[in-house]
Structure formats: C-alpha cells, structure tokens
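Because the structure is predicted, anything quoted here is derived from the model rather than measured.
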Amino acid sequence: MAISVKRITLWRKEVENQPGTLAATLAPFAESGVNLEVLMGYRFPGQETTAAIEVYPVAGAPALKAARAGGVKKSAIPTLLVQGDNRLGLGHAIASALAEAGINMGFLMAQVVGRRYSAVIGFEKAQDATRSAAIIKRIAARPAPRKKAARRRVRA
C-alpha cells in the first residue's frame with residue numbers, strides 16, 4: 001500500500017466567525033489561479049465569534065501574493081500530510097501507534113474519498129511530528145489486515 005508522509009507548512013488566518021469571511025479569504029487564491037490541496041475552517045470551541053482558516057500549499061510568487069492579500073500567514077504548528085491508498089483500520093492504527101508512543105495530536109482532519117486516504121495532523125512540538133512521521137511510515141509498510149469472512153448460518 002502506497003502512503004506518503006510529509007511535513008507541510010499550513011498558512012493560517014484567525015477571523016471573525018461570520019458569513020463571507022471564508023470566501024473573502026479565499027478570493028485572492030482563486031483570482032491568482034492557486035490550487036489549494038488543504039482547506040480547513042473552524043470556530044474555536046467556546047468562542048462564538050472567532051474562527052481560523054488554514055490552507056496548504058502556499059508556494060511560489062502567485063500564492064505568496066494571494067496569501068498577503070488574504071491576510072494569511074505561515075503557521076508555526078508542526079504538521080504532517082498523510083496521503084495514499086486507504087485500508088481497513090488505518091486511522092485506528094495511526095491513532096493507536098501515536099498513543100502508544102506517548103504523542104499527543106493537536107488536531108486531526110482525515111477523510112477517505114474513493115479508495116484514497118488523506119489526513120492532516122498537527123502537533124504541539126516539532127519532534128512529535130518527526131517521530132510521528134517515522135511511526136506512520138512503519139504502519140504503512142505493514143500488510144493490510146484481512147477482512148473476516150462473514151459467517152453463514154445453516155438452518156436444519
């Protein structure tokens with residue numbers, strides 16, 4: 001199973017939680033023809049009026065210009081992007097291995113689209129991101145678990 005794990009830099013903006021803020025932040029990227037692979041927007045728990053918008057990648061002159069225009073700045077949150085073929089129990093395997101290693105995730109956003117898995121994982125410390133990358137690569141190298149065959153009931 002092919003899975004890639006790489007360190008990424010999220011770009012972030014804290015905003016007022018109100019209609020149109022996301023669209024206004026993304027407009028410079030769209031107008032510049034910048035293709036974003038990751039977009040996250042969320043309200044802070046317990047704070048009805050404050051939210052954050054995070055994007056990736058911001059690289060090259062058009063993207064940097066769009067980030068400045070949209071008020072988006074480099075985030076200091078150590079972050080991994082995990083992408084590849086999905087398999088049964090992958091999220092659980094990652095979460096369990098990181099827990100066993102004593103690594104706390106700051107955030108996790110994961111999804112499966114078709115047969116592809118994608119996750120963005122943030123950490124409090126850079127060394128946790130580095131350790132996690134190695135752990136996730138080991139998990140990806142393991143063979144996928146076999147599906148249990150469904151039991152058939154035989155009635156007499």
Side-chain angles (χ1 to χ4, degrees), residues 1-15 17 20-45 51-67 70 72-151:
M1 175 172 90
I3 285 188
S4 70
V5 181
K6 67 180 177 180
R7 285 286 291 268
I8 64 169
T9 300
L10 289 175
W11 287 64
R12 177 184 173 102
K13 178 180 181 182
E14 291 189 14
V15 296
N17 184 28
T21 305
L22 177 61
T25 302
L26 295 177
F29 292 101
E31 292 162 4
S32 298
V34 174
N35 186 30
L36 298 172
E37 294 177 32
V38 174
L39 166 62
M40 297 187 296
Y42 51 89
R43 182 177 53 86
F44 294 129
I53 298 169
E54 296 175 323
V55 299
Y56 166 81
V58 175
L64 292 169
K65 184 177 177 183
V72 181
K73 299 181 186 323
K74 270 187 186 182
S75 170
I77 300 169
T79 306
L80 296 177
L81 176 62
V82 181
Q83 294 178 311
D85 298 331
N86 186 40
R87 75 172 193 219
L88 183 65
L90 181 59
H92 177 258
I94 291 171
S96 295
L98 297 183
E100 288 173 20
I103 297 172
N104 188 42
M105 292 179 273
F107 68 84
L108 166 72
M109 188 286 303
Q111 66 178 8
V112 174
V113 177
R115 295 181 179 193
R116 301 289 293 170
Y117 177 87
S118 181
V120 180
I121 309 170
F123 302 90
E124 292 179 12
K125 299 178 229 167
Q127 62 261 34
D128 286 345
T130 301
R131 288 179 53 218
S132 295
I135 291 167
I136 294 167
K137 286 176 185 177
R138 279 196 306 272
I139 290 167
R142 293 180 192 160
R146 293 183 171 212
K147 292 182 182 178
K148 293 181 181 179
R151 292 184 184 181

### Message
To check you understand the geometry: which heavy-atom pair defines the closest contact between T9 and S75, and what is its length?
### Response
CG2-O, 4.1 Å
## Note on the structure
To the nearest 0.5 Å, atom OG of S96 lies from atom CD1 of I135 at 11.5 Å
### Task
With the side chain counted from C-beta on, respond yes when Y42 and E54 share a heavy-atom pair under 4.5 Å apart, and no when they do not.
yes
### Message
Quick check: closest heavy atoms across I3 and A140, and the distance to 0.1 Å?
### Response
CB-CB, 3.7 Å
Output side-chain donor-acceptor pairs under 3.5 Å for residues 106-128, partner residues at least two apart or in another chain, one line each.
residue: R116; atom: NH1; partner: D85; partner atom: OD1; Å: 2.9

### Query
In Å, rounded to the nearest 0.5 Å, how long is the span from CG of L90 to CG of N86?
6.0 Å
### Message
Applying side chain to side chain contact (heavy atoms under 4.5 Å, CB included) to L64 and W11, what does each step give before you reach the verdict?
### Response
CA-CA 10 Å; L64 292 169; W11 287 64; 3.7 Å; yes
### R7 CZ to T79 OG1 distance, which is reported to the nearest 0.5 Å
7.5 Å
### Query
If you take all heavy atoms of P28 and A24, which pair is closest and at what distance?
CD-O, 3.4 Å
### Query
Roughly how far, to the nearest 0.5 Å, is CD1 of I103 from CZ of R131?
4.0 Å
### Task
Would you check if the side chain of K13 reaches a backbone N or O of G70 as a donor-acceptor pair within less than 3.5 Å?
yes
### Task
Would you name the heavy atoms of P57 and L36 that are closest together and state the gap between them?
O-CD2, 3.5 Å
### Query
Hey, mind stepping through I77 and L10 against side chain to side chain contact (heavy atoms under 4.5 Å, CB included) and telling me if it holds?
CA-CA 8 Å; I77 300 169; L10 289 175; 5.6 Å; no
#### Entry: Polar side-chain atom of T21 near backbone of N17 as donor-acceptor pair, under 3.5 Å
no
### Message
Just verifying a value: how many Å separate E14 CD and K73 NZ, rounded to the nearest 0.5 Å?
### Response
11.5 Å
#### Entry: Rounded distance (nearest 0.5 Å) linking atom CZ of F29 with atom CG of N35
11.5 Å
### Message
For a quick test of reading the model, state the closest non-hydrogen atom pair linking L80 to S132 and the distance between them.
### Response
CD1-CB, 3.9 Å
### Summary
A67 and V58 have their tightest heavy-atom pair at CB-CG1, 3.9 Å
